[in-house]
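To start, the structure under review is shown below, and the notes come after it.
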Amino acid sequence: MQLKQQDVPQKGLARLAQWLAGWTQKWFPDAYIFALAGVVLVAVAALAIGASPKAIVDSFGNGFWDLTAFTLQMAMVVLTGYVVATSPPVARMIDRLAHIPSNARTAVSFVAVLAMSVSFLNWGLSLIFGGLLARAIARRKDLVVDYRALGAAAFMGLGAVWALGLSSSAAQLQATKASIPPALLKITGVLDFGTTIFTWQSLLTLAVLMLLTTVIAHFSAPRGSAIRTAADLGVDLDDRPEDSEPRSRPGEWLEYSRILPILAGVLTLGWLISQVLTLPVLSVVSSLNAYLLVFLVLGLVLHGTPRKFLQAVTKAVPATAGILVQFPLYAAMAAILTKATGVGGLSVSEHLAHFFTSIGGNGGFAVIIAIYTAVLGMFVPSGGGKWLVEAPYVMQSATDVNMNLGWTVQIYNIAEALPNLVNPFFMLPLLAVLKLRARDLVGFTFLQFLFHLPVVLLLVWLLGMTFQFVPPVIPN
């Protein structure tokens, strides 16, 4: 068994990460406090622009449940991820992957690379997969790894590159005519993945950010006495499902039978084949609802019997508590920001947009939009919902300054990940898996933010100059 090295000094990024981790663990509030404070902050901002108290409280109350469907989806991301990952076949695969790294720092960067790679396919899967891989590595008896650094690495799929992948909300919306609001369609037309996700500029950005993230994760991982293991943090790493009790009565026969799970699996497979044959493959792959359906039934099939499946679900349900009570606050925050209008009929969001776009133009437009997107993302942490709010005036501004529309979508996508490194909104599903608090990870993710911000701004500016403006194509 590898023991901690008590005399290893912290240098460079590891020293900075250790300081930031210590500071955030002492001063960073619980994610719920962060959400409550955010609501108060945007309410004060709305008052400052002349919004009436009635407009603010109406926006708060009326918008409180605006993310109800998304809240359920995020809760189901945690539940389905737990259920699938704790099934015997997947648990064995994760355990095998967990034994690949040979040392602590390699283990941290290994988790970051896999989390980001999976995120290119689906950000929801990345969160759960990364979290359970981190837990599996932490269970190793021959390796002493900082559990906070592992958790932060598991978040990098969403914290660094999620919107550059196939499940980008903005890119998916812009590629689907039926999903684009009519007013926005007149401004942008349809922008398929060939003009956004699969441009060489976007793929190069993805590669650069993945490399940067991996290097920072590797060299910021604590060593020696600075390491805080899962045991040090009081985290139970037992993911094994409980053994089923023997069947005791005839009515339980189907609960212990594989017949119903197999039939449900056949129905789901048939539906999935039908979707692939009738819809664009990328749309099917990137649909969160499709992902949740497939993974829920996959968990049922992999556990074998309904009884074992329900035991796994019971174990997963408590992990969704933070999501259920915090997401409504973010919905209320977004409503105040965008719907409580003040002088001139403008909201806080529109005031921000006018400020940033007024000083944009020429080569600085891309940088200004990236900064605006990151700032707004601190208060409206929902990539798809925020794009619907932001897109009309941002894309019109892009047309006015002759900025390529596809690249403007990608500017949004590149910058969209930045606030995730500070705001714990999207950390919640991962925190539920890791059984940690936001303050445990933010020291490491904020370090990533410090490096990502200048690199992102440089990339959107330099690569933006390689595009030419193409007028929007309005389909019939």
Side-chain angles (χ1 to χ4, degrees), residues 70 119-124 158 161-206 279-291 334 338 349 353 356-357 360 365-366 368-370 372-374 376-377 380-418 420 456 459-460 463-464 466-476:
F70 187 61
S119 183
F120 186 79
L121 298 177
N122 190 290
W123 61 264
L158 197 68
V161 298
W162 82 270
L164 292 173
L166 302 181
S167 56
S168 163
S169 302
Q172 280 289 340
L173 183 143
Q174 289 296 156
T176 309
K177 177 185 175 182
S179 299
I180 306 176
L184 180 59
L185 182 64
K186 294 178 181 179
I187 300 172
T188 67
V190 173
L191 300 167
D192 63 28
F193 274 18
T195 64
T196 56
I197 297 296
F198 291 134
T199 58
W200 69 263
Q201 294 91 339
S202 181
L203 294 175
L204 175 61
T205 301
L206 174 66
L279 297 174
V281 175
L282 293 179
S283 297
V284 178
V285 170
S286 300
S287 168
L288 185 56
N289 284 334
Y291 160 80
T338 58
S349 174
F356 284 120
T357 55
F365 179 81
I368 296 302
I369 293 302
Y372 168 63
T373 293
L376 187 60
V380 189
S382 173
K386 183 162 73 70
W387 176 248
L388 290 174
V389 172
E390 186 175 340
Y393 44 81
V394 166
M395 296 299 272
Q396 183 61 60
S397 298
T399 301
D400 294 341
V401 299
N402 289 331
M403 173 63 73
N404 182 276
L405 295 177
W407 183 242
T408 303
V409 175
Q410 290 309 91
I411 292 172
Y412 173 88
N413 282 332
I414 296 166
E416 171 61 26
L418 289 173
N420 292 346
V456 162
L459 286 171
V460 298
L463 294 176
T466 67
F467 284 93
Q468 293 183 341
F469 177 72
V470 178
V473 178
I474 311 297
N476 295 326

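Positions are given from 1, in the same order as the sequence printed here.
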Task: Any donor-acceptor pair under 3.5 Å from Thr199 side chain to Thr195 backbone - done: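 No; zero donor-acceptor contacts below 3.5 Å.
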
Task: Tyr412 side chain vs Ala170 backbone, donor-acceptor pair below 3.5 Å - done: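 A pair under 3.5 Å: no.
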
- [ ] Answer yes or no: is there a side-chain heavy-atom contact under 4.5 Å between Ile369 and Val394?
- [x]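 Contact flag for Ile369/Val394 side chains = yes.
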
TODO: Please examine the side chains of Trp407 and Thr466, heavy atoms only from C-beta on, and report whether any two atoms are closer than 4.5 Å.
DONE: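 The answer is no; the side chains never approach within 4.5 Å.
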
Reported [atom1]-to-[atom2] distance for the pair [X] and [Y], which is rounded to 0.5 angstrom:
X	Y	atom1	atom2	result
Leu206	Leu459	CG	CG	11.0 Å
Leu166	Phe198	CG	CZ	5.0 Å
Ile411	Ser202	CD1	OG	11.0 Å

Can you give me the closest heavy-atom contact between [X] and [Y], atom names plus distance?
X	Y	answer
Ala415	Ala370	CB-O, 3.4 Å
Met403	Phe469	O-CD1, 3.3 Å
Ala163	Ser168	O-CB, 3.1 Å
Phe193	Ala171	CE1-O, 3.6 Å

From the options [options], select the one residue that forms a side chain to side chain contact (heavy atoms under 4.5 Å, CB included) with [X].
X	options	value
Ile414	Thr373, Leu463, Val460	Val460
Gln410	Leu191, Ile197, Asn404, Thr205	Ile197
Thr196	Leu405, Leu164, Val409	Val409

TODO: Measure up the Trp123 and Trp162 rings against each other and bin them: parallel (under 30°), tilted (30 to 60°), perpendicular (over 60°).
DONE: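 Judged by the thresholds at 30° and 60°, the geometry between Trp123 and Trp162 is perpendicular.
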
TODO: Identify which one of Asp192, Thr188, Thr408 satisfies the side chain to side chain donor-acceptor pair (under 3.5 Å) criterion when paired with Gln174.
DONE: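 Of all the options given, the one that passes is Thr188.
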
